[in-house]
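In the text below, chain A, chain B and the rest are named by the order of the sequence lines, each starting its count at 1.
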Amino acid sequence: MSRVLTILTALVTIVVAIFGGVATAYLVGGLVEEHWFTGASRLTNILFLILVFVMIIATLLTMAERKWSAFIQDRMGPNKARIGLPGLKNRSLGGLPHILTDVLKMLTKEDFVPAAANRFMFNLGPILAFAPVFALFAVVPAGPSVNVFGNRVDMVVATPDFGMLYVLAIASLAVYGTALAGWASNNKFALLGGVRATSQMIAYEVALGLSLVGLFLAFSSVQLPAIVGELGNAVGLGTGQAQYLWRTDGAFDLGLPAWGIILQPLGFLGFFAASFAETKRAPFDLPEGESEIIGYFVEYSGMKFGLFMISEFVEVVVLAGVTTALFFGGHHLPFGGEWLASQPLMQEHQWLFGTILGTVFWLKVVFLIWVQLLIRWTFPRFRYDQIQSLGWKILLPMGLANVFVSGALVLWDPSLRALAIVGILEIGVLMVLTMTRKESAEAGGAHGAHGGAHGGHDTHGHGLPAGAHAAHGLPAHGAAHASTH
Amino acid sequence: MSDHGKPTDHAPNPDTDAYAHESELEAHLQTKRMVINMGPSHPATHGTVRLKVELEGETIIKIDPEIGFLHRGFQKSCENVTWTQCLPYTDRLNYISAMMNNFGFLNAVEKLIGLEIPERAQYIRVIGSELHRLTDHLTCVGATGLEMGGFQPFLLGLEFRELLHDRTAELTGARLTTSFGRVGGINRDLPEGWIEKVRKTLDRGEELITEMDALLTRNRIFVDRTKGTGIINAEDAIDFGYTGPALRACGVDYDIRKTKPYWVYDRFDFDIPVGEHGDNYDRYLVRLEEMRQSIRILRQAMDTIPAGPIIVDDWRIALPPKPEVYGTIEGVMSHFKLVMEGIQVPPGEVYDSTEASNGELGWYIVSDGRGRPYKVHVRAPGFPVLAAVPHIIEGKMLADLIPTFDTINMIGGEVEQ
C-alpha cells in the first residue's frame with residue numbers, strides 16, 4: 001500500500017514538476033523576446049530544453065532505472081543514502097540522495113589513464129560520446145508556438161530545413177566516441193567492445209534512416225515541426241500529426257489522429273529497434289557485454305566513465321523525445337486539442353495552452369522512457385552475428401518494403417486514409433502473429449525438433465498447470481527406464 | 001669513395017614502385033590473432049578459472065582452460081585427519097551443493113565398512129541431496145540468464161535458493177558448508193515443524209521456477225543464443241567422461257539414481273529428463289526439468305519418511321549418546337577412541353558413486369585399517385566437463401563461450417580439489 005502511495009506521489013510530482021518547468025520556459029521565453037531581441041527565446045530554449053529537461057530527466061533516470069529494475073525484480077532498490085537535515089533525516093526519499101552520492105563518487109575517484117593508452121584520444125572518447133547526443137535534441141519541438149506577452153515563442157531550439165537529417169547525421173557522430181574509447185584504451189577487451197560498437201551502430205544507421213522514409217513521404221517533410229503539425233482552427237484544418245483522419249462533427253473534436261504510429265507501424269518498429277541499438281542498451285548491449293568482454297569503457301574510471309553512462313541515459317531521453325515527435329503526435333493531445341485551443345481562457349493566456357501541451361509532450365516522453373526501461377530489464381543480450389543479421393536481414397528489407405508500400409499508398413490517397421487503414425491492418429496482423437506464436441509455442445514446445453511428450457503419470461504431485469509443463473518438449477523417461485547404458 | 005646514394009637492387013617497394021606486383025595483389029591481408037585472457041577474475045568464470053582464448057575477429061581459434069587457482073590439497077589433507085574430520089573438506093568441493101558431497105563421501109565409507117544405515121537416515125539423505133540439487137540447478141540456470149544479460153531470472157533463482165538456504169540452515173546449522181551427516185547415518189534429526197516449512201518453500205519455489213521458465217524458455221533471444229550452440233554429441237560426451245545433466249542433454253539416459261539406485265531412491269516415482277541435441281538449450285531444459293523432478297522426490301520423501309533411529313547403534317562407528325558418555329565407562333571409552341583414533345575402517349579399497357547435481361560424484365577410497373584414510377580420490381563431475389570445453393567451443397564465437405560455460409556448470413572447488 002505504501003509502495004502504491006509512493007508511486008502515486010511520484011507520478012503527481014513528476015506532472016507538477018514538468019508543468020512548472022514548461023511554464024517557466026514559456027514565460028522566460030516571452031520575457032526575453034520582449035526585452036532582448038527577436039529570437040532570444042531560442043537561446044533560452046537551449047537552456048531549458050537541453051540543459052534543464054533532458055539533463056535533469058537523464059540524471060533522474062539513473063535513479064529511476066535502478067528503482068524500476070528493483071520493482072521488476074522484487075527488490076527494494078537503493079534506499080540507504082540519507083540527507084542529514086531536520087525532517088529529512090530518516091527518509092529515503094525514493095533513493096534520490098543516491099544521485100548526489102553517485103556524483104560525489106564519480107568526481108572524487110582517481111582519474112586513471114592506462115600507461116600505454118594514447119592520452120589525447122583517451123580523453124577525447126568520453127567527450128565525443130557525450131556531446132553529440134545532447135545536440136540531438138536541438139531540432140525536436142517540445143511544445144507549440146504560442147504568443148507570450150505579444151511575442152511568438154517556439155518551444156524548439158532550431159528549425160533547420162534538413163530537420164531529421166540533422167538528427168541522423170549527429171547520431172552517427174556518437175560512434176566515434178565509443179570507437180575511440182575502445183581503441184585508445186590499449187586494452188584488448190575494450191578494443192573488442194569498440195569494434196562491436198562501431199559495426200553495430202553503422203549497421204543500424206541504415207535501418208534507422210530507412211524506417212523513417214515512409215513517414216517523410218506521408219507528411220512530405222523532414223522537418224520535425226512540420227511532422228508534428230499545427231492544430232486546425234476556424235480558418236483551416238490541422239496539419240501534420242495534428243490532423244484527423246476521421247473525426248466527429250461538433251465543437252469537441254474527437255477522432256482518429258494521423259499519428260505516425262497509426263500511419264507507419266512498421267516504420268515505428270524499425271525505428272525503435274534501430275535507435276534502441278544505437279543507445280547500446282540491453283538487448284543490444286554487446287559493446288558492453290559485461291559478462292563477455294566487460295565493455296569498451298573498461299579502462300575508464302571516475303567521471304569519464306560517468307560521461308559514458310550519462311550519455312547512454314541522455315540517448316534514452318532523446319530517443320524517447322524523437323520517437324514522440326515522429327510517431328506519437330509530439331505535443332498534441334489524441335483528441336480535444338482544437339476544442340481546448342478555442343477556449344477563451346486558452347486564447348487569452350496562450351502560455352497556459354502551450355504549457356499544457358508541453359506537459360503532454362514530456363509525459364509521452366516519460367512513458368516511452370518507461371517502455372525502454374521495461375525492455376532493457378526483460379531481455380537477454382543478442383549475439384554479435386545475430387544482431388547483424390537482425391539489422392541487415394530483417395530491419396533493412398522491412399524498411400525497404402515499407403517505403404515502397406507507403407509511397408504507393410500516399411500517391412494513391414493523399415488524405416493518408418488508405419495509409420492509416422493499412423497501418424491499422426499491420427498492427428492487427430502483428431498482434432495476431434504475437435498471440436498465435438505464443439499459443440503454438442505453448443502447445444508444441446518452442447524447441448520444435450525436440451518433440452517428445454511427458455509420460456502420463458508425469459503431472460502427479462506437481463501442482464503445476466499442465467500447459468506450462470508440456471511446454472518443455474523434453475521427453476522424460478519414465479521410471480521403467482532403469483536400463484544402463 | 002663508397003657509392004653512397006647509388007641505386008642498388010632493392011626488394012620491390014610497393015610505396016615507390018609504380019605498379020604493384022602480381023603476388024602482392026593476391027596476398028591476403030595480414031591479420032594477427034588476438035590472445036585474450038579471461039579470468040581468473042572475470043565475470044563469466046564461476047569460481048576461479050583462467051581461459052586463454054585465441055581470437056580471430058570474434059571467432060575462437062584456440063582456448064586453453066587453466067585450473068589451479070582454487071587448489072587446496074583436498075586429497076592430501078584428507079590423509080591427515082580421521083574419516084569424520086574429512087567431512088568439512090568435502091563441503092568445499094562443490095560448495096553450492098555441499099550436502100551431496102557429504103553424503104557421497106559417507107556412502108563410500110559405509111560401503112567400505114559394509115554398513116547399512118537406518119531407513120530414516122536414508123530418507124534424510126535423499127531430502128538433503130535433493131534440496132541441494134535444487135540449489136545447484138537454480139544457481140546454474142539463474143547465472144545462465146544473468147550472463148546473457150537477463151538479470152531477472154537470476155534474482156528469481158536466488159530468491160528460491162535463499163529460501164532453501166534458510167531450510168538448510170535450520171536442518172544442518174549452516175547455509176553453505178553443511179558438514180552434515182556422519183558415518184552410519186545422520187548427526188541430527190529433522191527439526192520440529194521443518195517438513196511443513198519445506199512444503200511451503202517448495203510451493204513458492206515452483207512459482208519461481210515457472211516464472212524463470214516463462215522468462216527464458218520461449219524468449220527468442222535466449223533461444224537464439226543457446227539453441228545450436230555449445231553442441232557436444234553423445235559419443236564425444238561419453239568419451240570425455242560426461243555425466244549428469246550435461247550427458248543427459250545429449251540424449252543418454254544415464255542417472256545413477258535410476259540405473260544403480262542407492263538409499264531409497266527406488267521407492268520414489270520420478271522421471272529423468274533427457275535431451276536430444278546436447279546443446280546449451282537442452283542442458284538448460286534438462287536442469288529446469290530436473291528441478292521439478294527434485295521437488296517431486298522431496299514431496300514424496302517428506303510424505304513417506306518413517307520414524308526410527310537416524311544413526312546406527314554401533315559405538316565403534318557412531319558416537320554414543322551423551323548420557324552414556326557421561327554416565328558409563330564404555331561410553332567414555334568409545335567416545336575417546338572415536339574422537340582420538342577415528343573410525344576403524346577395515347583395510348581395503350572401494351569405488352562408490354552418487355548422482356550429484358552435475359553428474360557422477362565418484363569416490364575412490366583406500367583404507368589401511370587405521371583411523372585415517374590412506375587415500376581419498378574424488379571423481380569430480382566438473383573436471384571432464386571442463387576438459388571438453390576446447391572441443392566444444394573452438395571455431396565458435398566468443399559470445400557462445402558464455403552460455404556454454406554456464407550450462408556445463410563447472411564448479412571451481414571440485415575441479416581443483
One should read off an interatomic distance between B:Asp224 CG and A:Ser389 OG, to the nearest 0.5 angstrom, of 8.0 Å
Handout entry: Charged N-O contact under 4.0 Å between B:Glu58 and A:Arg196
Key = yes
Value for CG (A:Asp74) from CG (B:Leu208), rounded to nearest 0.5 Å, stands at 8.5 Å
Sorted by chain and residue number, the ring-ring contact (aromatic ring centres under 6.0 Å, His included) partners of A:Trp183 (sequence neighbours excluded) come out as none
Honestly, the part of A:Leu191 sitting under 4.5 Å from a heavy atom of chain B is side chain
Classify the ring geometry between B:Phe151 and A:Trp377 as parallel (under 30°), tilted (30 to 60°) or perpendicular (over 60°). perpendicular
Okay, B:Met148 and chain A: the region with an atom under 4.5 Å from a heavy atom over there is both
Under 4.5 Å to a heavy atom of chain B? For A:Gln386 that would be side chain
Comparing A:Asp385, A:Val195, A:Asp285 against chain B, the one with the most heavy-atom pairs below 4.5 Å turns out to be A:Asp385
Is the count of non-hydrogen atoms from other residues, nucleotides or ligands lying under 6.0 Å from B:Lys62 atom NZ greater than 12? no
Rounded to the nearest 0.5 Å, the CD atom of A:Gln73 sits from the CD atom of B:Gln152 at a distance of 5.5 Å
Side-chain contact test, heavy atoms from C-beta onward, threshold under 4.5 Å: evaluate it for B:Leu215 versus A:Thr378 and give yes or no. yes
Practice prompt. Identify whether the distance between the nearest side-chain nitrogen and carboxylate oxygen of B:Asp400 and A:Arg383 falls below 4.0 Å.
Written response: yes
When the 4.5 angstrom heavy-atom criterion is applied to B:Asn37 and chain A, the contacting part is backbone
Interatomic distance, NZ@A:Lys188 vs CD1@B:Ile36, rounded to 0.5 Å, equals 8.0 Å
Taken in chain and number order and not counting sequence neighbours, the residues that satisfy side chain to side chain contact (heavy atoms under 4.5 Å, CB included) with B:Thr304 are B:Tyr123, B:Phe268
message = Would you say that B:Arg225 contacts A:Phe382 through its side chain, given a criterion of any heavy-atom pair below 4.5 Å between the two side chains?
response = no
Note: B:Asn219 and A:Pro380 closest approach over all heavy atoms is ND2-CD, 3.2 Å
Turns out that what part of B:Ile209 lies under 4.5 Å from chain A's heavy atoms comes down to neither
So CE of B:Met34 and CZ of A:Phe189: to nearest 0.5 Å the spacing works out to 9.5 Å
